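This report concerns only the one structure given below.
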Amino acid sequence: MDRAAAGVLVIVGMLIAFILGRGYQVAHRAWADYKDAKARVPLLLRTFWAAVRAGLVVGMVGLLYLIGSVYLAASGAPKPTPSPVPAATRSPR
């Protein structure tokens, strides 16, 4: 085998090693990310359900407010009347 063929084989070998090493690096990083995401799922689920419960509570309070307002308006509750204000009149001269 001459030197040119050996050089080409070395370069091809380095290229294959680089591609395999890069593939291993990507797979290793993906596995680490998967383990991290798997560990976070319970916390994220608790946070999600806490937000859902908070939204339902706010919605129920708003609904009760609206129902109470409609009931109060329909029951003929006394309407607030403005307090009398002294009228300014011109004095005749």
Side-chain angles (χ1 to χ4, degrees):
M1 189 178 335
D2 60 343
R3 287 176 61 100
V8 169
L9 286 176
V10 167
I11 291 174
V12 169
M14 287 174 49
L15 181 64
I16 291 172
F18 175 77
I19 291 171
L20 290 176
R22 183 73 177 128
Y24 175 77
Q25 181 184 20
V26 168
H28 192 289
R29 174 63 192 260
W31 181 251
D33 288 346
Y34 167 75
K35 288 192 299 185
D36 183 43
K38 186 178 177 183
R40 289 183 187 193
V41 166
L43 174 66
L44 293 176
L45 280 175
R46 279 195 306 269
T47 305
F48 168 75
W49 286 115
V52 168
R53 278 192 299 272
L56 287 174
V57 167
V58 167
M60 291 303 290
V61 168
L63 182 65
L64 288 175
Y65 174 76
L66 291 176
I67 290 172
S69 297
V70 169
Y71 176 75
L72 187 63
S75 68
K79 312 266 186 292
T81 57
S83 61
V85 177
T89 59
R90 288 190 175 182
S91 58
R93 288 192 200 176

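As the structure is a computational prediction, the values presented were derived from the model and not from experiment.
The ring pair (Phe, Tyr, Trp, His ring centres under 6.0 Å) check on Trp49 picks up nothing, with sequence neighbours excluded.
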Determine whether Arg40 and Leu43 satisfy the following criterion, side-chain contact (heavy atoms from CB on, under 4.5 Å), listing intermediate values before the conclusion.
CA-CA 6 Å; Arg40 289 183 187 193; Leu43 174 66; 5.6 Å; no
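By the criterion of side-chain heavy atoms lying less than 4.5 angstrom apart, applied directly or through intervening Ile, Leu, Val, Met, Phe, Trp or Tyr residues, Leu20 is grouped together with Val12 in one hydrophobic cluster.
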Show me, pair by pair, the donor-acceptor contacts under 3.5 angstrom made by side chains of residues 51-72, not counting sequence neighbours?
{"from": "Ser69", "atom 1": "OG", "to": "Tyr65", "atom 2": "O", "distance (Å)": "2.9"}

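Judged as a side-chain hydrogen bond (donor to acceptor under 3.5 Å, both in side chains), not a single pair has a partner in residues 5-16 (not counting sequence neighbours).
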